[in-house]
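First comes the structure, then the notes that go with it.
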Amino acid sequence: MLRSTKRVMVQAKTWVLKQHFEGFPKDTDFELKLEQLSKPKDGEVLLEAVFLSVDPYMRPYSRVRMQAGDVMIGTQVAKVIQSNNPSFPVGCHVVGQCGWRTHNVSDGSDITKVLDAWPQSVSLSHALGAIGMPGLTALYGLEEVCAIKPGETLLVNAAAGAVGSVAGQIAKLKGCKVVGSAGGDDKVAYLKELGFDQAFNYKTVSSLEEALKNASPEGYDCYFENVGGPFSSVAITQMKAFGRIAVCGGISLYNDTTQQTGPYPQLEMIFKQLKMEGFLVSRWEHKNEESLKRMLTWMQEGKLKCKEHVTVGFENMPAAFMGMLRGENIGKAIVKV
């Protein structure tokens, strides 16, 4: 059935950015509001959020992509509850850039149907994690930016997070040695469960340089960068000649009120002829469907394991977001409506 017979007006709950963050976000930076939605017009659908994502990128993007008073940016898995668009029938599930909303009217341009082959045994929340943007980020960072090869050694920081944990597992699938850094003993234990060859707690080691040398005395061919700052300065000195660095994020910098300064990597990069490249996952959007199918197959085969940190309740979106920035999650941080 394409058209729902019910055309009831819907009131959406939204979380707006009350004021731009100064330093670490706080409760008073957010405001819960109600938004009256119009009925879907021809070509439009009404969506109801099922799972919402909280991700590190929201912190820096809020400064450059948002104004005070805007609905917080973000992705969600939603169910189509009214439809005037044959591509999105009532009852289907989509992934959309809908922001922090319980309901949304879309013309279809900002939503994508969840894979048709999605098995009932796999939670749809994974479409926001390993079988979604974070998983694609890990895959493209390794395959497209690092061009990683069997037998090489990969370093991943923030390795117990949504992106890092997938990057490490994909590298193992490709026959690589993987070293992971994380900020807790429970996270280190998780990395070892995932098959990382070496893992350490960067918060408790006496010397980051020595920890990296001990984990891989011969150095690193590839480095998947999620943290930035002092960690990056030390890691770059451990790279092998012709090493490749995929710069995915810099979470250690996001909440700074004073910009961090050096040391600077230019001489190390010149002498070792390193390649360091920042990237956005959207560059390879044309490959997404094939890539998502590949990763879903890995998950079904037990080759890709993904833990989630689930917060229940739309009213807890800010708390989930701030908890993720503090590193409270192992794996993907999700909010279940």
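Note that the structure is a prediction, hence the values are computed from the model and not measured. Heads up: numbering here begins at 1 and tracks the sequence.
A donor-acceptor pair under 3.5 Å links the side-chain atoms of Trp100 to the main chain of Ile73, judged by distance alone. With hydrogens and angles disregarded, a donor-acceptor distance shorter than 3.5 Å links the side chain of Trp118 to the backbone of Val122. Looking only at distances, a side-chain donor or acceptor of Ser252 sits under 3.5 Å from a matching main-chain atom of Gly228. Put simply, the side chain of Asp29 never gets that close to the backbone of Pro25: no donor and acceptor are under 3.5 Å apart. Asn84 places no side-chain N or O within 3.5 Å of a backbone atom of Gly43 that could act as its donor or acceptor partner. Side chain of Asp70 to main chain of Met66: no donor-acceptor pair is present (N/O by atom type, distance under 3.5 Å, no hydrogens or angles).
At most 12 heavy atoms of other shown residues, nucleotides or ligands fall within 6.0 angstrom of atom CD in Glu285. Heavy atoms of other residues, nucleotides or ligands lying less than 6.0 angstrom from NZ of Lys272 number more than 12. Within 6.0 Å of CD on Gln260 lie more than 12 heavy atoms contributed by other residues, nucleotides or ligands. More than 12 heavy atoms of other residues, nucleotides or ligands shown are found within 6.0 angstrom of NZ on Lys307. Residue Lys293 qualifies as open at atom NZ: its count of foreign heavy atoms under 6.0 Å is 12 or below. Atom CD of Gln36 has more than 12 neighbouring heavy atoms from other residues, nucleotides or ligands inside a 6.0 Å radius. Environment of NZ in Lys336: sparse, with no more than 12 heavy atoms of neighbouring residues, nucleotides or ligands closer than 6.0 Å.
Of the N and O atoms on the side chains of Asp110 and Gln97, not one donor lies less than 3.5 Å from an acceptor on the other residue. With hydrogens and angles left out, the side-chain atoms of Ser109 and Asp107 include a donor and acceptor closer than 3.5 Å. For the 3.5 Å distance criterion, the side chains of Asp185 and Asn201 qualify, holding a donor opposite an acceptor. Residues Ser83 and Asn85 have side chains that never bring a donor and an acceptor to within less than 3.5 angstrom of each other. In the model, Glu209 has no side-chain atom that pairs as donor or acceptor with a side-chain atom of Thr237 under 3.5 Å.
Under a hydrophobic clustering in which Ile, Leu, Val, Met, Phe, Trp and Tyr are joined whenever their side-chain heavy atoms come within less than 4.5 Å, directly or via other members, Tyr61 and Phe21 fall into the same cluster. In the hydrophobic cluster analysis, where Ile, Leu, Val, Met, Phe, Trp and Tyr join through side-chain heavy atoms closer than 4.5 angstrom, Phe314 is grouped together with Leu128.
Taken from NZ in Lys213 to CG in Leu208, the straight-line distance is 11.0 Å, to the nearest 0.5 Å. The NE2 atom of His126 sits 11.5 Å away from atom NZ of Lys332, with the distance rounded to the nearest 0.5 Å. We find the CD1-CG distance between Ile236 and Leu267 to be 12.0 Å, quoted to the nearest 0.5 Å. How far CG of Asp221 is from CD1 of Ile148: 7.5 Å, rounded to the nearest 0.5 Å. Arg101 CZ to Lys33 NZ: the interatomic distance, rounded to the nearest 0.5 Å, is 12.0 Å. Taking CE from Met276 and OH from Tyr223, the interatomic distance works out to 7.0 Å, rounded to the nearest 0.5 Å.
With respect to Lys275 and Glu277, a salt bridge is recorded, a charged nitrogen being found less than 4.0 Å from a carboxylate O.
Among residue pairs with one or both ends in residues 159-170, none qualify as side chain to side chain donor-acceptor pair (under 3.5 Å); sequence neighbours excluded. Under the side chain to side chain donor-acceptor pair (under 3.5 Å) criterion, the residue pairs touching residues 226-235 are Glu225-Ser232, with sequence neighbours excluded. Within the structure, every pair that satisfies the salt bridge (charged side-chain N to carboxylate O under 4.0 Å, His left out) test and touches residues 131-156, not counting sequence neighbours, is listed here: Glu143-Lys174, Glu143-Arg294, Glu144-Lys287, Glu152-Arg244. Pairs of residues two or more places apart, or lying in two chains, that qualify as side chain to side chain donor-acceptor pair (under 3.5 Å) and include a residue from residues 187-198 are Lys172-Asp197.
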| request: Give the intermediate values and the outcome of side chain to side chain donor-acceptor pair (under 3.5 Å) for residues Ser53 and Asp55. | output: CA-CA 6 Å; Ser53 181; Asp55 299 283; 2.5 Å; yes
| request: List the steps, then state whether side chain to side chain contact (heavy atoms under 4.5 Å, CB included) holds for Leu304 with Val166. | output: CA-CA 7 Å; Leu304 183 61; Val166 175; 4.1 Å; yes
| request: Go through the steps to decide whether Phe24 and Tyr254 satisfy the test ring-ring contact (aromatic ring centres under 6.0 Å, His included), and finish with yes or no. | output: CA-CA 8 Å; Phe24 195 88; Tyr254 294 164; over 10 Å; no
| message | What verdict does the side chain to side chain donor-acceptor pair (under 3.5 Å) test give for Glu48 and Thr102, after you've listed the backbone C-alpha separation in whole Å, the side-chain angles of each residue and the deciding distance to 0.1 Å? | response | CA-CA 6 Å; Glu48 183 175 71; Thr102 57; over 6 Å; no
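You'll find the side chain of Thr75 stays beyond 4.5 Å of the side chain of Met133, heavy atoms only. Looking only at side-chain heavy atoms (C-beta outward), Val95 and Val114 come within less than 4.5 Å of each other. Using a 4.5 Å cut-off on side-chain heavy atoms (C-beta onward), Lys18 and Thr28 make no contact.
Using cut-offs of 30° and 60° for the angle between ring planes, the Trp284 and Tyr140 rings count as tilted. In this structure, Phe224 and Phe279 have perpendicular ring planes: the angle between them is above 60°, well past the 30° mark. Ring geometry for Phe200 against Phe231 counts as parallel: the plane angle stays under 30°, on a 0 to 90° scale with 60° as the upper cut.
Scanning for side-chain hydrogen bond (donor to acceptor under 3.5 Å, both in side chains) contacts around Ser216 gives Glu218, with sequence neighbours left out. Remark: Ala78 engages Leu47, Gln76, Val94 in a side-chain contact (heavy atoms from CB on, under 4.5 Å) (not counting sequence neighbours).
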